[in-house]
Asker: 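Take this structure first; my questions come after.
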Amino acid sequence: MIRHPIGILGGMGPEATILLQRKIISAVPARDDKDHIPLLIDMNPQVPSRIEHLIEGTGENPSSTLAKMARRLEIAGAAALAMPCNTGHFYAKSIVSAVNIPFLNMIELAVRHALTTLEPGSTVGILASPAVQHTRQFEDLLERGGLSVVWPKDENGVLSAIRAIKISGPCLSACNTLLAASTELAGKGATFQFIACSEFSLISESVAPGVHAVDTVDLLAQAIVEFDGSRSAGI
C-alpha cells in the first residue's frame, strides 16, 4: 500500500516546524522506519510576518504565500495539510480554497478538545500571540460552546517573549514571562490553558503549577497520526 504524505506549511517559525515533526515521530508506535508517517515540509521562513500584518498593520498579507505553499504541497502528492502556527490559522480560508485536500485545522482541533473536556461555563486561558487574541480565533468558537476565555493583560510582554524565542530560542526571560502569564490566568479561574503559540511550545513546561496545559501542537500531531491511520485502514 502506498502511503501518501502529509504536507506541512512550515517556517513560522522554523523551530516550531521541527518540533511538530518530533512530536509526530514520538506519537507513532513505530517498530521500523517504514512505520513512520511520510511528510512533505515546505520550510518557508519568508512567509510575510503575521505580527506585522495583524498587529502593526504595516506588513504584507501572507494569504497568497500560504495558498501557493498549499498548492505546491498538493501537487507534490500531499494527502492533507497541516500548519504548526496558531496565528497563521487566521488565513486558513485562503489555504483551504487553494487546494482539494483536507486542512487539519489546529484551532478547530483545540476548540473541539476543550468542548469535549470541560463543563459548560468553564474558563479557558490562552497563552498565545496577541494577534490570535485580536482576531478572536478561539473566542468565537469557545464562547459559542458555552466556555469563557481569558488572556494575559501584558500583551507587550507576551509578544516580547515570543520574539525573544524567535531570536535566541528558549530563554530564561521568556520562561519567566510565560510562567507569570500562566499564573495570572490561573488566578482568573483558568486552570485549563492552551499553549497556543508554537514558540511557547518550546517552553511548555514553564506554566504555573497545578495548571492543566494543552499544547495545540500536540493536538495537531495527534490529528496527523489519526488521519494517517484512518487512510491506512481504508476508512
Side-chain angles (χ1 to χ4, degrees), residues 2-14 16-25 27-28 37-50 53-54 60-116 126 128-129 131-132 135-142 144-145 194-198 201 214-233 235:
I2 297 175
R3 293 173 69 183
H4 295 281
I6 304 297
I8 308 297
L9 289 87
M12 305 166 277
T17 307
I18 294 169
L19 179 66
L20 173 63
Q21 186 177 8
R22 289 175 180 155
K23 288 179 179 291
I24 294 170
I25 291 170
V28 174
I37 299 171
L39 300 174
L40 287 171
I41 301 176
D42 191 337
M43 182 70 91
N44 185 8
Q46 305 307 312
V47 175
S49 169
R50 285 69 60 205
H53 181 242
L54 294 173
E60 177 186 348
N61 189 325
S63 292
S64 61
T65 300
L66 293 172
K68 289 175 184 176
M69 292 168 67
R71 285 193 290 269
R72 281 201 298 264
L73 289 165
E74 182 180 30
I75 291 169
L81 300 176
M83 178 172 62
C85 174
N86 293 270
T87 306
H89 278 67
F90 177 74
Y91 312 99
K93 288 182 180 179
S94 297
I95 295 170
V96 171
S97 63
V99 296
N100 295 304
I101 54 177
F103 175 61
L104 306 179
N105 189 305
M106 186 161 58
I107 303 294
E108 293 178 358
L109 291 168
V111 169
R112 192 177 310 135
H113 178 80
L115 294 177
T116 57
I126 310 290
S129 164
V132 177
T135 53
R136 295 185 61 87
Q137 295 187 67
F138 282 96
E139 276 93 336
D140 292 342
L141 295 174
L142 289 172
R144 197 178 303 154
F194 277 125
I195 298 172
C197 171
S198 46
S201 297
V214 177
D215 190 336
T216 57
V217 176
D218 285 327
L219 297 177
L220 182 59
Q222 188 58 46
I224 289 170
V225 173
E226 290 173 359
F227 180 86
D228 177 76
S230 67
R231 287 179 57 85
S232 298
I235 298 174

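Along the sequence shown, the residues carry numbers beginning at 1.
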Asker: Is the shortest heavy-atom distance from the side chain of Thr216 to the side chain of Leu109 under 4.5 Å?
Answerer: no
Asker: Indicate the atoms forming the closest heavy-atom contact of Val132 with Thr135, along with that distance.
Answerer: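 So the two residues come closest at O-OG1, 3.2 Å.
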Asker: What residues, two or more places apart in sequence or in another chain, satisfy side-chain hydrogen bond (donor to acceptor under 3.5 Å, both in side chains) together with Ser129?
Answerer: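 Scan of Ser129 (side-chain hydrogen bond (donor to acceptor under 3.5 Å, both in side chains), adjacent residues dropped) gives none.
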Asker: Between atom CD1 of Ile6 and atom CG of Leu20, what is the distance when rounded to the nearest 0.5 Å?
Answerer: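 Nearest 0.5 Å value for the CD1-CG distance: 10.5 Å.
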Asker: Picking from Pro45, Cys85, Pro84, what satisfies side chain to side chain contact (heavy atoms under 4.5 Å, CB included) with Met12?
Answerer: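 The side chain to side chain contact (heavy atoms under 4.5 Å, CB included) with Met12 is passed solely by Cys85 among Pro45, Cys85, Pro84.
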Asker: How long is the gap from CG on Leu141 to CD on Glu108, to the nearest 0.5 Å?
Answerer: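 Going from the CG atom of Leu141 to the CD atom of Glu108 covers 7.0 Å.
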Asker: Which heavy-atom pair separates Ser97 from Ser94 by the least distance, and what is that distance?
Answerer: OG-O, 3.2 Å
Asker: From Phe103 CZ over to Lys93 NZ, what is the distance, rounded to the nearest 0.5 angstrom?
Answerer: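 Rounded to the nearest 0.5 Å, the CZ-NZ separation comes out at 13.0 Å.
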Asker: About how many Å separate CD1 of Ile224 and CD1 of Ile37, when rounded to the nearest 0.5 Å?
Answerer: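 Answer rounded to 0.5 Å: 7.0 Å.
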Asker: With sequence neighbours left out, what residues match Asp215 under side-chain hydrogen bond (donor to acceptor under 3.5 Å, both in side chains)?
Answerer: Ser201
Asker: List in chain and number order the residues that pass ring pair (Phe, Tyr, Trp, His ring centres under 6.0 Å) with Phe194, two or more places apart in sequence or in another chain; answer none if no residue qualifies.
Answerer: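 Here the qualifying residues are Phe138, Phe192.
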Asker: Less than 4.5 Å apart, any side-chain heavy atom of Asn86 and any of Met106?
Answerer: yes
Asker: Provide the closest heavy-atom pair for Ser49 versus Pro62 in the form atom of the first, atom of the second, distance.
Answerer: O-CG, 4.5 Å
Asker: Taking all atoms of both residues into account, what is the closest heavy-atom pair of Lys23 and Ala221, and its distance?
Answerer: CB-CB, 3.9 Å
Asker: Rounded to the nearest 0.5 Å, what separation is found between the CZ atom of Arg22 and the OG1 atom of Thr17?
Answerer: 11.5 Å
Asker: At their closest point, which heavy atom of Asn61 faces which heavy atom of Pro48, and how far apart are they?
Answerer: O-CG, 4.5 Å
Asker: Would you mind writing out the side-chain donor-acceptor pairs for residues 65-74 within the sub-3.5 Å range, not counting sequence neighbours?
Answerer:
| unit_1 | atom_1 | unit_2 | atom_2 | d |
| --- | --- | --- | --- | --- |
| Arg72 | NE | Asp42 | OD2 | 3.1 |
| Arg72 | NH2 | Asp42 | OD2 | 2.7 |
| Glu74 | OE2 | Asn100 | N | 3.0 |

Asker: Taking Phe90's backbone N and O only, do any of them form a donor-acceptor pair with Gln137's side chain (distance below 3.5 Å, no angle check)?
Answerer: yes
Asker: Partners of Arg136 by salt bridge (Lys or Arg N to Asp or Glu O under 4.0 Å), sequence neighbours excluded?
Answerer: Asp140, Glu143
Asker: Looking only at heavy atoms, what is the nearest atom pair of His4 and Ala79, with distance?
Answerer: CB-CB, 3.8 Å
Asker: Report the distance from atom CD1 of Ile126 to atom CD1 of Ile195, rounding to the nearest 0.5 Å.
Answerer: 11.0 Å
Asker: Name all residues meeting the side-chain hydrogen bond (donor to acceptor under 3.5 Å, both in side chains) criterion together with His53; count only those two or more places apart in sequence or in a different chain, and write none if there are none.
Answerer: Tyr91
